[in-house]
Protein chains: 2
Amino acid sequence: MERLENYYNQIKNSPVFFGMNDEELKGLLECFNARVRKYEKDEIIIRQGDIISNIYLILKGDVNIEKDSYWGRRIIIARLSKNDNLALSFVGSKNVESNIDAVTVSDTVVLILGYEKCTSMCQNACTRHKILINNLFQILSKENIELIQKIENVSQKTIRDKLLTYLSNEAQKKHSNSFEIKFNRQDLADYLNVDRSAMSFELSKLQKEGLIEYNKNKFELRS
Amino acid sequence: MERLENYYNQIKNSPVFFGMNDEELKGLLECFNARVRKYEKDEIIIRQGDIISNIYLILKGDVNIEKDSYWGRRIIIARLSKNDNLALSFVGSKNVESNIDAVTVSDTVVLILGYEKCTSMCQNACTRHKILINNLFQILSKENIELIQKIENVSQKTIRDKLLTYLSNEAQKKHSNSFEIKFNRQDLADYLNVDRSAMSFELSKLQKEGLIEYNKNKFELRS
DNA sequence: TACTTTTTGTTGTATAAACAACAGAAATGT
DNA sequence: ACATTTCTGTTGTTTATACAACAAAAAGTA
């Protein structure tokens, strides 16, 4: 059984609670009926159709945001990890059903906050709530920008362009030409929305041409 | 010259100012140095690389959110219209450059609010500011959900599936099997990320097969 | 260590889409 | 009303990708 206290420092430093002092944070965690929950690999945290009224903060592990298309083809919208939030936009849009699944990729620990209850109780009056909503606004902004970047990735017309766009963006995020990606080949293909084998083929072509080098999940962009 | 007063009622009823009384709204407009600006067709309101510190609210007209890909191919991320906001996520993420263009599709009127100035002045203290940030959080949530839906649209593997997914989503939004879309063919193709002529061909095939009927921009889904 | 399962890379073939070029329709301007 | 421009639909050809089937490598298990 995981205890909240084990993660206290991490929680305190997460973007959700940025700018709060200990007192405010502790008050908030109580007000929100904060609890920690553990999931195993391949468990579903959120399902399409769920109504979300909790804030989910990943404390440990990796989670796929997925969507199953009409004929069961899987689309990976995003890969989230430590300090990321799940389905925050459905907390903001009340009574809107989730249009995504959140599926664990590894053993995962999540902090869950009962958003609804607290906001109706304190009427947004307390300082900590003001800080929180400001933070949530900023977090959602970032998510938004990343979704736009993902749209850019999948909107390239060839597999080659999708790969190069994706890898360049990753290099930029990591501030280095050499970096590790979190996707395995199948997941990357589902993220870029292409066939895995065709993508593998294109990857080795890019390597042969000297544009990139890779070994398993370590990639390097060559000038 | 357009005057703010001409749009006062519309502004009052927009999602940005939802839940405010006249006094709060007027105070806010003043505090934000609200002004109205007119754009002609094909003008660029926001450019990639801009730092955004204003809130933009469309009062009249239509605006494309676009991105130019590496070799000048155009991607349409979204088509916005009356009561929608432009680039709100870049207001939330300070000092992040816009990664999109906002381009008018017709003559357009926009309300501009100097977000930065006001928030630094009033320190989030006033009631109206609390209402505002709550509203912005909800608006951003909706945008987020729509971006995910767009990802679903463009992630279909065939033109046919993209069209059917898009048209079904539109029908659902309009609560009717018969509806009008705002895109012309080229824009729709850029939105779905396919070749226009191939898309035209697929549309008429769908019509011949009896799945849809259309005339110009009016579409009907047949069971 | 040997065995099984999962992941990744390779190839050939069928298929769908991009592209180019054009014609007709619709909209716009004079 | 006419000319001009923009938009839409159609077709043939080229090209890239999905798909299937398999081999090799890596990871996991007994």
Side-chain angles (χ1 to χ4, degrees), chain A residues 40-42 62 64 69-76 79 105-107 153-167 180-209 212-219, chain B residues 40-42 62 64 69-76 79 105-107 153-167 180-209 212-219:
Chain A
E40 300 193 349
K41 184 171 176 338
D42 293 326
D62 298 291
N64 273 347
S69 86
Y70 218 57
W71 282 287
R73 220 166 52 89
R74 181 181 70 153
I75 302 164
I76 295 184
R79 165 72 55 93
V105 179
S106 57
D107 287 3
N153 285 338
V154 301
S155 296
Q156 302 303 318
K157 64 177 179 313
T158 63
I159 294 182
R160 161 175 288 241
D161 288 346
K162 287 182 184 183
L163 281 169
L164 289 175
T165 305
Y166 170 75
L167 293 172
E180 198 159 346
I181 67 172
K182 273 187 259 161
F183 288 125
N184 64 22
R185 295 293 184 276
Q186 182 62 63
D187 283 359
L188 180 56
D190 288 347
Y191 178 82
L192 294 180
N193 210 20
V194 297
D195 178 70
R196 181 198 59 78
S197 65
M199 188 190 75
S200 258
F201 181 66
E202 194 65 41
L203 274 174
S204 34
K205 214 164 93 183
L206 284 170
Q207 183 156 240
K208 274 173 205 142
E209 293 174 21
I212 65 172
E213 279 188 29
Y214 63 93
N215 187 291
K216 220 181 115 48
N217 287 2
K218 302 206 77 168
F219 285 79
Chain B
E40 299 192 350
K41 185 171 175 339
D42 293 325
D62 299 291
N64 273 347
S69 86
Y70 219 57
W71 283 286
R73 221 166 52 89
R74 181 181 70 154
I75 302 165
I76 295 184
R79 165 72 55 92
V105 179
S106 56
D107 287 4
N153 285 337
V154 300
S155 296
Q156 302 302 318
K157 64 174 180 314
T158 63
I159 294 182
R160 160 175 287 240
D161 287 346
K162 286 182 184 184
L163 281 170
L164 289 176
T165 305
Y166 169 75
L167 292 173
E180 198 159 346
I181 67 172
K182 274 188 259 161
F183 289 126
N184 63 24
R185 295 292 185 275
Q186 183 62 63
D187 283 358
L188 181 56
D190 288 346
Y191 178 82
L192 294 180
N193 210 21
V194 297
D195 178 69
R196 181 197 59 78
S197 65
M199 187 190 75
S200 257
F201 181 66
E202 194 64 41
L203 274 175
S204 32
K205 214 163 93 183
L206 285 170
Q207 183 156 240
K208 273 175 205 140
E209 293 174 23
I212 65 172
E213 279 189 29
Y214 64 93
N215 186 290
K216 221 180 115 46
N217 287 1
K218 301 208 73 167
F219 285 79

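Order of the sequence lines sets the chain letters (A, B, ...), proteins ahead of strands, with each chain counted from 1.
- Side-chain atoms of A:Lys162 and A:Met199, non-hydrogen and from C-beta on, never get closer than 4.5 Å to each other.
- At whole-Å resolution of the value, CG in B:Asn184 and C1' in C:dA27 are 12 Å apart.
- Screening B:Val194, B:Asp190, B:Asp195 against B:Leu192 for a side chain to side chain contact (heavy atoms under 4.5 Å, CB included) leaves a single residue, B:Val194.
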Annotated protein contacts, base or backbone, on nucleotides 23-30 of chain D with a non-hydrogen cut-off under 4.0 Å, one of B, S, - each: ----S---

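- Residues passing the salt bridge (charged side-chain N to carboxylate O under 4.0 Å, His left out) test with A:Arg79, sequence neighbours excluded: A:Asp187.
- Atom CD in B:Gln186 sits roughly 16 Å away from atom C1' in D:dT5 (whole-Å rounding).
- Between the side chain of B:Thr165 and the backbone N or O of B:Asn153 there is no donor-acceptor pair closer than 3.5 Å.
- Per the geometry, NZ belonging to B:Lys162 stands 14 Å off C1' belonging to D:dA18, to the nearest Å.
- A straight line from CG of A:Asn215 to P of C:dT7 spans 17 Å, rounded to a whole angstrom.
- Enclosure of atom NZ in A:Lys218 is not indicated, since only 12 or fewer non-hydrogen atoms of other residues, nucleotides or ligands lie within 6.0 angstrom.
- Counting only heavy atoms from C-beta outward, the side chains of A:Gln156 and A:Thr158 never approach each other to under 4.5 Å.
- Nearest heavy atoms, B:Val154 versus A:Asn193: O-ND2, 3.7 Å.
- Between its two ends, the helix from C:dT1-D:dA30 to C:dT30-D:dA1 turns its axis by 60°, counting five pairs per end and rounding to 10 degrees.
- Judged by distance alone, the side chain of A:Arg73 and the main-chain N or O of B:Ser155 form a donor-acceptor pair under 3.5 Å.
- Between B:Asn217 atom CG and D:dT6 atom C1' there is a gap of 14 Å when expressed in whole angstrom units.
- The ring-ring contact (aromatic ring centres under 6.0 Å, His included) test applied to B:Phe201 returns no partner, not counting sequence neighbours.
- Using a 30° and 60° split on the angle between ring planes, B:Phe183 and B:Tyr166 fall in the tilted class, from 30° to 60°.
- Note: CD (B:Gln156) to C1' (C:dA17) measures 16 Å, nearest angstrom.
- Spacing between atom CZ of B:Arg160 and atom P of C:dA16 amounts to 10 Å, rounded to whole angstrom units.
- Partners of A:Glu40 under the salt bridge (charged side-chain N to carboxylate O under 4.0 Å, His left out) rule, at least two apart in sequence or in another chain, do not exist in this structure.
- Contacts of residues 195-207 of chain A with DNA chain D (heavy atom under 4.0 Å): A:Asp195, A:Ser197, A:Ala198.
- Atom P of nucleotide D:dG9 and atom CD1 of B:Ile159 are separated by 14 Å, given to the nearest angstrom.
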